Engineer: 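Sharing a structure with you now.
Residue numbering restarts at 1 for every chain, and letters A, B, ... go by the order of the sequence lines. Computation of the quantities below employed the complete heavy-atom set of this structure, encompassing side-chain atoms and omitting hydrogens, waters and symmetry-equivalent molecules. In this text, all values refer to a predicted model and were calculated from it rather than measured experimentally.
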Amino acid sequence: MALSISPTLSSPSPPPSPSSTNGAAAHAHPLLPYLDLAHYSIQLKQIHAQALKFPPHPHLLLLHSRILHSISLSGDVLYSLRLLLHPFPPLLPTSFSFNSLIRSFSRSPSLKPLSLQLYLQMLLLSLSPDNHTFPFVLKSCAFLSSFSFGSQLHSHIVKLGFSSDIYILNSLVHFYSSCARLSLARRLFDRMPLKNRVSWNIMIDGCVMCGEYETALELFRDMQSQFSPDAYTMQSALCACAALGALSLGMWAHAFVLRKCDASVQNDVLINNSLIDLYSKCGDIVMARRVFDEMPQRDVTSWNALILGLAMHGQVEDSLLAFVRMIADVEGDKLRPNSITFIGVLSACNHGGLVTEGRKYFASMVDEFGIKPQLEHYGCMVDILSRAGHIEEALELVKNMNCKPDVVIWRSILDACCKRNAGVEFSEAVAKRALESELVATSGVYVLLSKVYASANRWNEVGLVRRLMSEEGIKKEPGCSSIEIGDGIVHEFVAGDSSHPKSKEIYEKLNEVECKLVMAGYVPDSSQAPLVAEVDGVKCESLRRHSERLAIAFGLISTKSGATIRVLKNLRICRDCHEIAKLISKLYCREIVVRDRARFHHFRDGSCSCMDYW
DNA sequence: GTAGGGTTAG
């Protein structure tokens, strides 16, 4: 009996070119062409209802599979799941129907765990996974970082003879790098009998995800002998350059997009967003703004990147103005801020010390925009309050948080206790909470606690902290600064470094600088370096060797007069180096840009863009 | 019917 569509059914217009991949049998049924239109989910359900009204039909099994597949594509995964588990009339589950559902589940963040369950269910029903099954399940494993599940899948793949399927291999490489097993991913990648552009993109992105930026860029170069980069490739390359923070490298990557990529890549929103981020992170906020102004289309992330970039560079007013422009729809972009927008806005308030505005934006995020604050928002807010001296209010906020405070939040408060001399006992209590909330012990809290003791002149306790650290095998992260000189070569310095070939000249320059500074009235401030003081014996000597100072001195002797000196530092810049950089910028007529762990400092004519609030 | 893309507190 032929199925017919009832007159009351609101059927979609027939597709322009009915297609099916299931061979002649698929074409045999008049309903099948409609089923490819996955987005007609209501109509699909109506077709399904019609199909159920009729007695079993020779094509019903096929029809059921196709309905399930198409509905799962339309996004109504729960309907598909019901269809699979409670089919009426009884439907024999097939690998195809399971694959359809596993795919739907692998695309939804909250349902990904269920796709692993479905895979197991498939095995229990003695259905054989095929070449389509594994990419979907591996995608879920990658997202969930389920290393053990994915490794077992790898064994199944080998056992079932799929080890040379390029889709499966690419999915495996992606899975291993998502689980931070980069060497496993790389081994698999290197041994692939055949690689395509996607294989390279996955491997490059894997390196970026795992922080292997130089390797990512090496692979990027290697890839080009076989494939031209696409938007995915460039996205990863730009991200690697941004993380390395070297401006000339970033400019090279931008030039690459402009010269070697077609218009679709150049106009890609994600690529342009990455360029805004790249220039912000490489210290050129003017170029970041230019990319933003000139990009053909913008989305929320474009605005977020601009707001965050401006905040990071201390252009607080412009950052908040960008937020106002964004919500006022001045550009006609019709965008609503998301939770990350508020990270940017609160971060701007924090860098500018704007407590009242910070409170206002935090409240409006919840009341006006209905965004539930996350740990990161509380982190910003606690930092805004405590750095401005409102430590009690910060603690009150922590008490009322909807999530557990992490070590970052406690460290913010401890940092404020330290800077504002909140009292040793109080600070000790905060340090205790910070240490308790730390999953893996790091040096940060100990360093702050030692500063608390140092500012109270309790040197015995400073020694005690040091002993505790060494007993627990915790080492202070060494300060490290880098500077890129003209030709793109990056020179790296650690505190007290004398390994650079030009070390002698660097220290001579440093002596010259300090003589000039002393004559200009500079007095060293060693209050922030209690731990180093003990190591080196003499405080002022240790301050003189801070890595950022060596990098700036090297910049002075290696770049032409008047050129901007750009330095990257892994830790926060100390107060004394900050003071020195301001004076150097004036005495030597140089702009000095320092990116430290938290933000950019632009030193110009004796003052800093952070207005000494950091 | 199959693989790969972004921004986030200190």
Side-chain angles (χ1 to χ4, degrees), chain A residues 20-22 36 38 65-66 68-70 72-73 95-104 106 130-139 142 162 165-175 177-178 196-206 208-209 230-236 238-239 242 268-277 280-281 299-309 311 338-344 346-347 350-351 373-384 386-387 406-416 444 448 571-572 596-599 614:
Chain A
S20 173
T21 51
N22 282 20
D36 282 334
S65 280
R66 299 287 295 153
L68 188 137
H69 176 70
S70 300
S72 67
L73 270 180
S95 295
F96 180 89
S97 49
F98 264 91
N99 286 351
S100 300
L101 221 59
I102 290 174
R103 171 173 55 181
S104 303
S106 73
D130 62 19
N131 54 324
H132 292 276
T133 319
F134 291 108
F136 305 139
V137 192
L138 283 167
K139 187 194 179 94
F162 290 117
D165 182 296
I166 195 161
Y167 282 85
I168 294 178
L169 284 171
N170 285 347
S171 302
L172 273 171
V173 173
H174 178 237
F175 155 72
S177 23
S178 299
N196 59 14
R197 198 201 311 257
V198 177
S199 324
W200 284 91
N201 286 350
I202 289 173
M203 193 64 243
I204 292 170
D205 196 50
V208 174
M209 277 195 293
D230 62 8
Y232 285 85
T233 329
M234 289 319 297
Q235 168 78 29
S236 306
L238 292 171
C239 189
D268 189 303
V269 180
L270 262 72
I271 292 291
N272 280 290
N273 291 348
S274 298
L275 283 169
I276 300 172
D277 192 50
S280 297
K281 288 186 177 150
D299 64 4
V300 186
T301 308
S302 325
W303 286 94
N304 290 353
L306 182 74
I307 293 167
L308 279 159
N338 62 16
S339 71
I340 298 177
T341 317
F342 281 95
I343 303 275
L346 293 173
S347 169
N350 195 10
H351 290 314
Q374 298 160 357
L375 190 62
E376 289 85 348
H377 299 109
Y378 285 114
C380 286
M381 206 54 223
V382 166
D383 207 46
I384 291 175
S386 51
R387 270 172 13 131
D406 65 351
V407 63
V408 176
I409 286 185
W410 288 116
R411 216 161 45 202
S412 281
I413 301 174
L414 182 59
D415 194 23
L448 285 173
L571 306 174
R572 298 287 293 266
D596 76 5
R597 180 171 260 182
R599 61 172 296 156
W614 85 97

Engineer: Counting only side-chain nitrogens and oxygens, does A:R572 get under 4.0 Å of the OP1 or OP2 atom of B:dG10?
Structural biologist: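 Answer no for this pair, as no side-chain N or O of A:R572 is under 4.0 Å from OP1 or OP2.
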
Engineer: Side chain of A:Y167 only, please: which of B:dG10, B:dA3, B:dT8 is the nearest?
Structural biologist: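 Closest of the options to the side chain of A:Y167: B:dA3.
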
Engineer: Closest to the A:D406 side chain: B:dT2, B:dA9, B:dT7?
Structural biologist: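 Closest nucleotide among those given: B:dA9.
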
Engineer: Check the distance between B:dG5's C1' and A:I202's CD1 and give it to me in whole angstrom.
Structural biologist: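 The answer, rounded to whole Å, is 11 Å.
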
Engineer: What nucleotide among B:dA9, B:dA3, B:dG1 has an atom nearest to a side-chain atom of A:V408?
Structural biologist: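 The answer is B:dA9.
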
Engineer: Can you list everything that forms a side chain to side chain donor-acceptor pair (under 3.5 Å) with A:R572? Sequence neighbours excluded, please.
Structural biologist: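 A:R572: no side chain to side chain donor-acceptor pair (under 3.5 Å) contacts found.
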
Engineer: Answer with base, sugar-phosphate or nothing: what part of the nucleic acid does A:L238 contact at a heavy-atom distance below 4.0 Å?
Structural biologist: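 No contact.
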
Engineer: Return the value, rounded to whole Å, for the distance between atom CG of A:L346 and atom P of B:dT7.
Structural biologist: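 For the pair A:L346 CG and B:dT7 P, the rounded distance is 19 Å.
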
Engineer: Once side chain to side chain donor-acceptor pair (under 3.5 Å) is applied, do any residues pair with A:S171, and if so which ones, sequence neighbours excluded?
Structural biologist: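 Once residues adjacent in sequence are excluded, A:S171 has no partner under the side chain to side chain donor-acceptor pair (under 3.5 Å) criterion.
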
Engineer: Take A:S178 and A:M209, measure what side chain to side chain contact (heavy atoms under 4.5 Å, CB included) needs, and give me the verdict at the end.
Structural biologist: CA-CA 7 Å; A:S178 299; A:M209 277 195 293; 3.9 Å; yes

Engineer: Looking for any heavy atom pair under 4.0 Å, which part of the strands does A:F134 touch: base, sugar-phosphate only, or nothing?
Structural biologist: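 Touches nothing.
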
Engineer: Rounded to the nearest Å, what distance is computed from the CG atom of residue A:D383 to the C1' atom of nucleotide B:dT8?
Structural biologist: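 Checked: the CG to C1' distance equals 14 Å.
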
Engineer: Side chain of A:N196, base of B:dA3: donor and acceptor closer than 3.5 Å?
Structural biologist: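 Side chain to base: pair present.
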
Engineer: Could you tell me whether the phosphate oxygens of B:dT7, OP1 or OP2, come under 4.0 Å of any side-chain nitrogen or oxygen in A:N338?
Structural biologist: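 So the side chain of A:N338 is outside the cut-off, no N or O lying under 4.0 Å from OP1 or OP2 of B:dT7.
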
Engineer: B:dG5 P sits how many Å from A:Q235 CD, rounded?
Structural biologist: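 Rounded to whole Å, this separation is 10 Å.
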
Engineer: Side chain of A:N99 only, heavy atoms from C-beta on: which candidate in B:dG1, B:dT7, B:dA9 is closest?
Structural biologist: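 Comparing B:dG1, B:dT7, B:dA9 against the side chain of A:N99, the answer is B:dG1.
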
Engineer: Are the ring of A:H132 and the base ring of B:dG1 both nearer than 5.5 Å at their centres and tilted by less than 30°?
Structural biologist: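 Yes, A:H132 stacks on the base of B:dG1, since the ring centres sit under 5.5 Å apart and the planes are within 30°.
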
Engineer: Counting side-chain heavy atoms from CB outward, which of B:dA3, B:dT7, B:dG5 is closest to A:L270?
Structural biologist: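 Nearest nucleotide to the side chain: B:dG5.
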
Engineer: Show your working on side chain to side chain contact (heavy atoms under 4.5 Å, CB included) between A:V269 and A:N272 and close with a plain yes or no.
Structural biologist: CA-CA 5 Å; A:V269 180; A:N272 280 290; 5.9 Å; no

Engineer: Heavy atoms under 4.0 Å, any strand shown: does A:A231 hit a base, just sugar-phosphate, or nothing?
Structural biologist: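 Touches a base.
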
Engineer: Just how far, in rounded Å, is C1' of B:dT7 from CD of A:Q374?
Structural biologist: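 Computing the A:Q374:CD to B:dT7:C1' distance gives 13 Å.
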
Engineer: Looking at the side chain of A:H351, which of B:dA9, B:dG10, B:dA3 is the nearest nucleotide?
Structural biologist: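 Looking only at heavy atoms from C-beta outward on A:H351, the closest nucleotide is B:dG10.
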
Engineer: Can you check the A:L308 CG to B:dT8 P distance for me, whole Å?
Structural biologist: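 The distance from CG of A:L308 to P of B:dT8 comes to 7 Å, rounded to the nearest Å.
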
Engineer: Check A:F136 against A:S106 and note the closest heavy-atom contact, atom names and distance.
Structural biologist: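 Scanning both residues completely, I find the closest heavy atoms to be O-CB, 3.4 Å.
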
Engineer: Side chain of A:D268, base of B:dG5: donor and acceptor closer than 3.5 Å?
Structural biologist: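 Looking at the base of B:dG5, it does pair with a donor or acceptor on the side chain of A:D268 (distance under 3.5 Å).
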
